[in-house]
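In what follows, a single structure is set out as structure tokens and then discussed.
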Number of protein chains: 2
Amino acid sequence: MKDNQDVACENVHSAIQDTLYVVNGKWKLFILSILVNQGKKRFGELSRESGISPRILTKELQELEMNQLISRTVCNTKPVTVEYSSTPYAETLKEVIDAMIRWGQNHRKTITGQ
Amino acid sequence: MKDNQDVACENVHSAIQDTLYVVNGKWKLFILSILVNQGKKRFGELSRESGISPRILTKELQELEMNQLISRTVCNTKPVTVEYSSTPYAETLKEVIDAMIRWGQNHRKTITGQ
DNA sequence: CTGGATCCATTAGGATACTG
DNA sequence: CAGTATCCTAATGGATCCAG
């Protein structure tokens, strides 16, 4: 294991940085957790439920779409509505998201003294 | 599971936000991954290996220490050296760290076309 | 309804030089 | 060696107005 670790050392470091680069900031993993766990949402729903202002939400959604983690569908309604949903590729992040949810739940118990 | 999800919905959201609040920024999880996987490091080692400038590193380490995720030990050397190491509580974050390392490795393969 | 445009305040992050 | 001080840039976030 030591040997493995030594040779893999550089890769391990760049790996976690690669992930942090894709899901950087306060919002991306949060948005993904909503879409992955609850399915598709419209722009307004996301804005309301997350508390993210439209300007920031637009930017975050565009970056997530660039990384193939969400898809954007314009609906033929009047006025137009737009649905965002997580892609199959985003499902591969579920392991990360779930681990963070579990840790957050446990951490809250810990700091509030159970 | 639907029922569970509905009642747990608010908690799930705040949970991931709680986690993101503790390990916010580009560096905290990266620093933790080094200390968790490689054991204790001195300030200078961390700065060199991570590429984080001293000012930022100091700030990040202080915040991690405040959250009981790392411990700081001043050694009786001349000149003084300081060792940082992950705490047992940081081990509970290993699940998150490892998931992010695995995802980053896979993501790199994906975007470079395997 | 979606989301772009503008303006402004706050914060995060980086480079460099310097002190105990 | 460890960490501060100073200075600066970029990113983040909120408010509001507006257009397709």
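Just so it is clear, the structure is predicted and the values come from calculations on it, not from any experiment.
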DNA chain D: 5'-proximal contact among Gln62(B) and Arg48(B) (nearest heavy atom):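 Its nearest nucleotide being more 5', the pick is Arg48(B).
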Comparing Ile52(A) and Glu45(B) on DNA chain D - which has the more 5′ nearest nucleotide: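 Residue closer to the 5' terminus by nearest nucleotide: Glu45(B).
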Let me confirm one number: the [atom1]-[atom2] distance from [X] to [Y], rounded to the nearest 0.5 Å.
| X | Y | atom1 | atom2 | value |
| --- | --- | --- | --- | --- |
| Leu64(B) | Leu35(B) | CG | CG | 8.5 Å |
| Thr110(A) | Asn67(B) | OG1 | CG | 11.5 Å |
| Ile70(B) | Glu60(B) | CD1 | CD | 10.0 Å |

DNA chain D: 5'-most and 3'-most nucleotides touching chain B, 4.0 angstrom heavy-atom criterion: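 In short, chain B contacts DNA chain D from dC1(D) to dT6(D).
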Under 4.5 Å between any side-chain heavy atoms of [X] and [Y], yes or no?
| X | Y | answer |
| --- | --- | --- |
| Tyr21(B) | Thr19(B) | no |
| Leu61(A) | Arg72(A) | no |
| Leu29(A) | Leu20(B) | yes |

[X] [atom1] to [N] [atom2], straight-line distance once rounded to whole Å:
| X | N | atom1 | atom2 | answer |
| --- | --- | --- | --- | --- |
| Leu61(B) | dG13(C) | CG | P | 13 Å |
| Ile56(A) | dA9(C) | CD1 | P | 16 Å |
| Leu57(A) | dG4(C) | CG | C1' | 13 Å |
| Glu60(A) | dG4(C) | CD | P | 13 Å |

SB check Glu83(B) Lys40(B) (cutoff 4.0 Å):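 Yes, charged N to carboxylate O under 4.0 Å.
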Angle of first-five versus last-five pair axes in the helix from dC1(C)-dG20(D) to dG20(C)-dC1(D), to 10 degrees: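 End-to-end axis angle: 40°.
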Show me, pair by pair, the donor-acceptor contacts under 3.5 angstrom made by side chains of residues 43-57 of chain B, not counting sequence neighbours?
residue	atom	partner	partner atom	Å
Glu45(B)	OE1	Arg42(B)	N	2.7
Ser47(B)	OG	Ile52(B)	O	2.8
Glu49(B)	OE1	Lys41(B)	NZ	3.2
Glu49(B)	OE2	Lys41(B)	NZ	3.2
Ser50(B)	OG	Leu46(B)	O	2.5
Ser50(B)	OG	Ile52(B)	N	3.2

Ignoring hydrogens and angles, write down the donor-acceptor pairs under 3.5 Å from the side chains of residues 86-104 of chain B, residues two or more places apart or on other chains.
residue	atom	partner	partner atom	Å
Thr87(B)	OG1	Gln68(B)	O	2.6
Thr87(B)	OG1	Leu69(B)	O	3.3
Thr87(B)	OG1	Tyr89(B)	N	3.3
Thr87(B)	OG1	Ala90(B)	N	3.2
Tyr89(B)	OH	His107(A)	ND1	2.6
Thr92(B)	OG1	Trp103(A)	NE1	2.8
Thr92(B)	OG1	Tyr89(B)	O	2.5
Lys94(B)	NZ	Asp98(B)	OD2	3.1
Glu95(B)	OE2	Arg102(A)	NE	3.3
Glu95(B)	OE2	Arg102(A)	NH2	2.4
Arg102(B)	NE	Glu95(A)	OE2	3.3
Arg102(B)	NH2	Glu95(A)	OE2	2.4
Trp103(B)	NE1	Thr92(A)	OG1	2.9

Working for side chain to side chain contact (heavy atoms under 4.5 Å, CB included), residues Phe30(B) and Leu32(B): CA-CA 5 Å; Phe30(B) 182 47; Leu32(B) 281 173; over 6 Å; no
Residue-level proximity of residues 17-33 of chain A to DNA chain C when a heavy atom falls under 4.0 Å: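 Within this stretch, nothing sits under 4.0 Å of the strand.
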Full working for side chain to side chain contact (heavy atoms under 4.5 Å, CB included) between Glu63(A) and Lys59(A): CA-CA 6 Å; Glu63(A) 292 175 4; Lys59(A) 180 177 140 289; 3.6 Å; yes
Evaluation steps, side chain to side chain contact (heavy atoms under 4.5 Å, CB included), between Arg108(A) and Asp18(B): CA-CA 8 Å; Arg108(A) 177 170 288 267; Asp18(B) 289 346; 3.0 Å; yes
Contact list for DNA chain D against residues 74-83 of chain B - heavy-atom distance below 4.0 Å: Pro79(B), Val80(B), Thr81(B), Val82(B)
Quiz item: Arg55(A) side-chain donor-acceptor pair to dG3(C) base, under 3.5 Å: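 Side chain to base: no pair present.
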Minimum heavy-atom distance between Asn24(A) and Lys28(A), given as atom pair plus value: OD1-NZ, 2.7 Å
